[in-house]
2 protein chains.
Amino acid sequence: MQDVARAAGVSPMTVSNVVNNRPHVRESTRAKVLEAMDRLGYRVNVAARNLRAGRTQTLGLAVPEVDRPYFAELAARIIRHARAAGYRVAIEQTGANREDELEAIAWSRNSLYDGLILSAVALGQADRDLLRVDFPVVILGERIFEGPVDHVAMPNADGTRAATAHLIAHGCRRIALLTGPDLAEANVSSLRHEGYLRALREAGLPHRDGLVLRLPALDPEHGARGARRLAERGAGVDGLVAVTDSVALGAVRGLADAGLRVPEDVRVIGFDNILAGAYALPSLSTIDPDNEGMAARAVELLVRRIRGDATLGPPRDFTGPFRLVERESTAGRRPPRRTKRTAAPGR
Amino acid sequence: MQDVARAAGVSPMTVSNVVNNRPHVRESTRAKVLEAMDRLGYRVNVAARNLRAGRTQTLGLAVPEVDRPYFAELAARIIRHARAAGYRVAIEQTGANREDELEAIAWSRNSLYDGLILSAVALGQADRDLLRVDFPVVILGERIFEGPVDHVAMPNADGTRAATAHLIAHGCRRIALLTGPDLAEANVSSLRHEGYLRALREAGLPHRDGLVLRLPALDPEHGARGARRLAERGAGVDGLVAVTDSVALGAVRGLADAGLRVPEDVRVIGFDNILAGAYALPSLSTIDPDNEGMAARAVELLVRRIRGDATLGPPRDFTGPFRLVERESTAGRRPPRRTKRTAAPGR
DNA sequence: TTGAAAGCGCTAACAG
DNA sequence: CTGTTAGCGCTTTCAA
């Protein structure tokens, strides 16, 4: 910048003003500076700017794994909204473990990001105090009640309850649940598990322990394996709720491997409404937790906290609406009439 | 840091040495400093460190869209390898357009990242000179011949050629191609298109214009739409090559919508070996371009360039091997007996 | 083993 | 409209 200033015959300050499109620069001066910048191939040093300005115009986004479709789609949405608000997004991968989630917060505070959106899956009630930081953080997806930071939560229990009730309404009586590891903390798996139990209770159906499988990871591989195990046990399952769509898609596969058809033999429903579910065969029924709205709200909240918006008040919990998306995997024995969607629902 | 130094009764330099785990610090001093850091809740300011050190220990990764499974999986791999080499990764989204890809390079040079891995889809031969920058860049996926930077390329043409030959070997005679927009530049779509044509030629099969569909985007939605269009045309297609797995999965769906079964009526093969293909129904045959090897090599190359490794020589092109992964979508008329194995991912 | 001095490149605040 | 001054927090260099 010094060099550009010298070359253009102005002060570094004026160069700075031009670089940042600030007003009060005469057109002729601006032109001179731009010419010099161009000639010398000048590029701002963002590190210096960040240091001086004390902010980076960058939001951190910490997710368990970038290659799980739900989080990949979430990241794309967050990036879109952040960009619209003038921020870039840096993605951190936490591997779904508590230490890395806390580490993500610690790192973020090292003046790397102006704020952090944390898609927490391993943090729980007990970590409340660790979140008591003087740094804008929004927790996404989880519900750590009364936490010291803003939350954009999913209707986990209500969603799974609706999903389970949907299967019951379609005549299923022996409904299995594929869920995740059983941590002490309330998390996606336990909350969704709860919704499943509630729906059974409300319908007066017995809860059978053998129909609940806890998978070590929420991905298609474990979904397929779990579904196969259920089928091989001969539990007579006629409905299956998976706590995520990734698991549900794997489960459909696993059932097919065991010779069971979806939805004829077993109806399957997931949670998340990932894109792949709409194009799967059969297409996957699911709970849509208003992903777009959650992303928009998380970014909006975070940006307002960063800007010190006083009208926000103390940290709050937001839980959005959900919508049951009915597709082929839970369709009636006879496929619906709308020819386009009904072709080859089985296999 | 000043504060910590004062509190511990040492100089800032000593604090710095402790923070960075440098040797030559007496144990008792280290303990004193750590205690003070802890008590004051000290956090390094990475912006300042970056400015002073002139490097950020961060690699940029520019991909068209983070939520396309191929790129999401690529990102996860790059992050893993980078972390092993002591770097973090910041992901940029280019939206698959030329301006943003060039912009990614420009931004990266603003002392934000130490190097950039660019998964270029819109840059071509004509942009060679724009890549002539004094900054470590590795291009991934594309093949801009004789470019001024390192390339880790995919065996695009050879892969699609093998995929097409595979269909021919299975008796397909009217093989369609679902490819991407037809840019002037050589890109994924055009290179894979070329491989398809070569295989037809080598088998003495006629090339029919009506069997090649150029989709506006390489996603399941357009894949499904394209496949439906082909089916409705009554082109009598018995095989289908898609330039990516995402398109192929959509195509299977579209064919089903049109009442065609895969593989019985139409055999389908994709390219990329994304995870979802292994768990789809039917599981998707595909070309595996050694994704793991490509990611490892890209990171290794970039890191060596950053470190100024002189043994590397001038920029080079690397093209890895590929492997045809045969799954249900191209299986013989009778599905194979080994149901278990077909679901196993070819990772 | 520790410390002092200097400056990375930029911009806020104010002066001209 | 443009320039001067000062310093963000850290680390490289060299001396003690």
Side-chain angles (χ1 to χ4, degrees), chain A residues 1-37 40-58 86 106-114 134-135 307-308, chain B residues 1-37 40-58 86 106-114 134-135 307-308:
Chain A
M1 184 170 268
Q2 300 279 6
D3 301 342
V4 175
R6 214 175 356 258
V10 298
S11 79
M13 201 51 236
T14 301
V15 178
S16 173
N17 286 332
V18 170
V19 167
N20 294 285
N21 279 315
R22 274 191 270 266
H24 308 308
V25 179
R26 201 192 298 150
E27 255 331 305
S28 63
T29 313
R30 181 188 306 278
K32 255 193 329 199
V33 172
L34 287 173
E35 187 276 331
M37 275 170 47
L40 300 183
Y42 170 76
R43 331 234 86 242
V44 273
N45 181 321
V46 180
R49 172 186 291 174
N50 288 347
L51 173 58
R52 176 65 234 219
R55 51 186 163 56
T56 60
Q57 294 291 40
T58 301
W107 254 104
S108 301
R109 295 170 61 204
N110 294 190
S111 311
L112 266 178
Y113 314 134
D114 296 346
D134 55 341
F135 177 79
R307 298 197 175 139
Chain B
M1 183 171 268
Q2 299 279 6
D3 301 341
V4 176
R6 216 178 350 260
V10 298
S11 79
M13 202 48 240
T14 300
V15 178
S16 173
N17 284 333
V18 171
V19 167
N20 293 283
N21 277 316
R22 272 191 271 267
H24 307 309
V25 178
R26 201 190 299 151
E27 255 330 304
S28 63
T29 313
R30 181 188 305 277
K32 254 192 330 199
V33 171
L34 288 174
E35 186 276 331
M37 275 170 47
L40 301 182
Y42 170 76
R43 331 232 85 244
V44 275
N45 181 321
V46 180
R49 172 186 290 174
N50 288 347
L51 173 59
R52 177 64 238 221
R55 54 189 158 53
T56 60
Q57 294 291 35
T58 301
W107 256 104
S108 301
R109 294 170 62 203
N110 294 189
S111 311
L112 267 177
Y113 313 135
D114 295 346
D134 54 342
F135 177 78
R307 299 196 176 139

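Quick note on labels: first sequence line is chain A, next is B, and so on, each numbered from 1.
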What are the two closest heavy atoms between [X] and [Y], and how far apart are they?
{"X": "Arg22(B)", "Y": "Ser16(B)", "answer": "NH2-OG, 3.2 Å"}
{"X": "Leu112(A)", "Y": "Thr56(A)", "answer": "O-OG1, 3.0 Å"}
{"X": "Ser108(B)", "Y": "Phe135(B)", "answer": "O-CZ, 3.4 Å"}
{"X": "Val4(B)", "Y": "Val33(B)", "answer": "CG1-O, 4.2 Å"}

Between [atom2] of [N] and [atom1] of [X], the distance in whole Å:
{"X": "Arg6(B)", "N": "dC10(D)", "atom1": "CZ", "atom2": "C1'", "answer": "15 Å"}
{"X": "Asn50(B)", "N": "dC8(D)", "atom1": "CG", "atom2": "P", "answer": "18 Å"}
{"X": "Asn45(A)", "N": "dG7(C)", "atom1": "CG", "atom2": "P", "answer": "17 Å"}
{"X": "Gln2(A)", "N": "dC8(C)", "atom1": "CD", "atom2": "C1'", "answer": "11 Å"}
{"X": "Asn17(B)", "N": "dT12(D)", "atom1": "CG", "atom2": "C1'", "answer": "11 Å"}
{"X": "Asn110(A)", "N": "dG9(D)", "atom1": "CG", "atom2": "P", "answer": "13 Å"}
{"X": "Met13(B)", "N": "dA16(D)", "atom1": "CE", "atom2": "P", "answer": "17 Å"}
{"X": "Leu51(B)", "N": "dG9(C)", "atom1": "CG", "atom2": "C1'", "answer": "6 Å"}

Looking only at side-chain N and O atoms, does [X] come under 4.0 Å of OP1 or OP2 in [N]?
{"X": "Arg52(B)", "N": "dG9(D)", "value": "no"}
{"X": "Ser11(B)", "N": "dT2(C)", "value": "no"}
{"X": "Thr14(A)", "N": "dC1(D)", "value": "no"}
{"X": "Arg49(A)", "N": "dT11(C)", "value": "yes"}
{"X": "Asn20(A)", "N": "dT11(C)", "value": "yes"}

Taking only Lys NZ, Arg NE, NH1 and NH2, and the carboxylate oxygens of Asp or Glu, determine whether Lys32(B) and Glu35(B) approach each other closer than 4.0 Å.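 Between Glu35(B) and Lys32(B) there is no salt bridge, as every charged N stays at least 4.0 Å from the carboxylate O atoms.
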Would you mind classifying the nucleic acid contact of Val19(A) as base, sugar-phosphate or nothing, using non-hydrogen atoms under 4.0 angstrom?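 No contact at all - Val19(A) keeps every heavy atom at 4.0 Å or more from the nucleic acid.
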From C-beta outward on [X], which listed nucleotide comes closest to its side chain: [options]?
{"X": "Thr29(B)", "options": "dC1(D), dC8(C), dT1(C)", "value": "dT1(C)"}
{"X": "Arg26(A)", "options": "dA12(C), dT2(D), dC10(C)", "value": "dT2(D)"}
{"X": "Ala48(B)", "options": "dG9(C), dC10(D), dT11(C)", "value": "dC10(D)"}

